[in-house]
Enquirer: 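Next up is a structure, given as structure tokens.
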Amino acid sequence: MKKRLDSLVQALELPRDVCLGAAVITAVGCMEMTVENHRGILEYTPECIRILSGMCRIHIIGEHMVISYFGRDAMKVRGRIREIIYE
């Protein structure tokens, strides 16, 4: 079912973040990152933050990371971000 919906969204050129709940990630260098359309935090330590999104899990690895803002649909991570992994 997800494949069909993805194909339909692509064929109609609709925004994936709105239709499929995909995360929108904005990085400012390696020190700040905003994640929109998240569905919650799975793990939170200064070295690792795992976030659930509509399409995957986002694994952020770094040092001295903190969540400086957390809202219903967006969050901001600050610290030294070394890797972003999509699971």
Side-chain angles (χ1 to χ4, degrees):
M1 183 68 179
K2 269 191 172 183
K3 250 185 173 176
R4 284 187 200 173
L5 183 58
D6 188 41
S7 297
L8 180 63
V9 168
Q10 187 174 5
L12 296 176
E13 297 181 9
L14 298 171
R16 296 173 83 91
D17 59 321
V18 175
C19 297
L20 300 175
V24 177
I25 297 173
T26 307
V28 180
C30 63
M31 301 301 284
E32 185 177 295
M33 173 178 171
T34 303
V35 180
E36 298 175 68
N37 297 337
H38 70 81
R39 292 196 177 167
I41 300 170
L42 300 172
E43 180 181 355
Y44 178 32
T45 69
E47 294 82 28
C48 174
I49 299 174
R50 290 179 56 222
I51 302 165
L52 183 62
S53 78
M55 297 185 73
C56 65
R57 292 181 179 163
I58 303 163
H59 193 167
I60 307 164
I61 300 170
E63 299 170 358
H64 312 292
M65 294 189 304
V66 295
I67 296 174
S68 61
Y69 170 78
F70 184 83
R72 182 175 172 205
D73 61 351
M75 65 190 304
K76 184 174 282 193
V77 176
R78 293 183 188 215
R80 184 170 175 110
I81 299 168
R82 293 191 182 266
E83 291 181 69
I84 303 169
I85 301 168
Y86 302 93
E87 301 174 331

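Just so it is clear, the values below take in all heavy atoms, side chains as well, and ignore hydrogens, waters and symmetry mates. Index from 1, following the sequence.
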Enquirer: Kindly give the heavy-atom pair with the smallest separation between M65 and I60, and that separation in Å.
Expert: CE-O, 3.4 Å

Enquirer: Sequence neighbours left out, what passes side-chain hydrogen bond (donor to acceptor under 3.5 Å, both in side chains) with S68? Give chain and number order.
Expert: R78

Enquirer: Provide the full list of salt bridge (Lys or Arg N to Asp or Glu O under 4.0 Å) pairs with a residue in residues 66-75, sequence neighbours left out, each pair given once.
Expert: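 Those involving residues 66-75 do not exist here.
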
Enquirer: Any chain of hydrophobic side-chain contacts (each under 4.5 Å) joining I41 to I25?
Expert: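 Yes, same cluster.
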
Enquirer: Not counting sequence neighbours, which residues clear side chain to side chain contact (heavy atoms under 4.5 Å, CB included) with V28? List them please.
Expert: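 With sequence neighbours excluded, V28 shows a side chain to side chain contact (heavy atoms under 4.5 Å, CB included) to E32, given in chain and number order.
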
Enquirer: Do V35 and I67 sit in one hydrophobic cluster, given that two such residues count as connected whenever their side-chain heavy atoms are within less than 4.5 Å of each other, even indirectly?
Expert: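 Same cluster: V35 reaches I67 through Ile, Leu, Val, Met, Phe, Trp or Tyr contacts under 4.5 Å.
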
Enquirer: Tell me, which pairs form a salt bridge (Lys or Arg N to Asp or Glu O under 4.0 Å) where one or both residues lie in residues 53-71, sequence neighbours left out?
Expert: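 Salt bridge (Lys or Arg N to Asp or Glu O under 4.0 Å) check on residues 53-71 returns E63-R82.
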
Enquirer: Just jot down the side chain to side chain contact (heavy atoms under 4.5 Å, CB included) partners of I61, sequence neighbours excluded, or say none.
Expert: H59, E83, I85

Enquirer: Among all residues two or more places apart in sequence or in another chain, which pass the ring-ring contact (aromatic ring centres under 6.0 Å, His included) test with F70?
Expert: H38

Enquirer: Under the side-chain hydrogen bond (donor to acceptor under 3.5 Å, both in side chains) rule, what pairs show up with a residue in residues 41-51, not counting sequence neighbours?
Expert: none

Enquirer: Using a 4.5 Å cut-off between side-chain heavy atoms of Ile, Leu, Val, Met, Phe, Trp and Tyr, which other residues end up in the same hydrophobic cluster as L52?
Expert: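 Taking Ile, Leu, Val, Met, Phe, Trp and Tyr as members, L52 shares its hydrophobic cluster with L42.
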
Enquirer: Please report the closest heavy-atom contact between I58 and S53, naming both atoms and the distance.
Expert: CD1-CB, 4.2 Å

Enquirer: So, using side chain to side chain contact (heavy atoms under 4.5 Å, CB included) as the criterion, who are the partners of Y69 when residues are at least two apart?
Expert: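 Expected list: A74, K76.
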
Enquirer: If two hydrophobic side chains count as joined below 4.5 Å and joins carry through other members, does Y86 share a cluster with I51?
Expert: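 Yes, Y86 connects to I51 through the hydrophobic network.
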
Enquirer: Checking A27 now: which residues fulfil side chain to side chain contact (heavy atoms under 4.5 Å, CB included) with it, not counting sequence neighbours?
Expert: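 With neighbours one apart ignored, the set is empty.
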
Enquirer: Can V66 be reached from V77 by stepping across I, L, V, M, F, W or Y side chains whose heavy atoms are under 4.5 Å apart?
Expert: yes

Enquirer: To the nearest 0.5 Å, how far apart are CD1 in I81 and CD1 in I49?
Expert: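 Separation between the atoms: 7.5 Å.
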
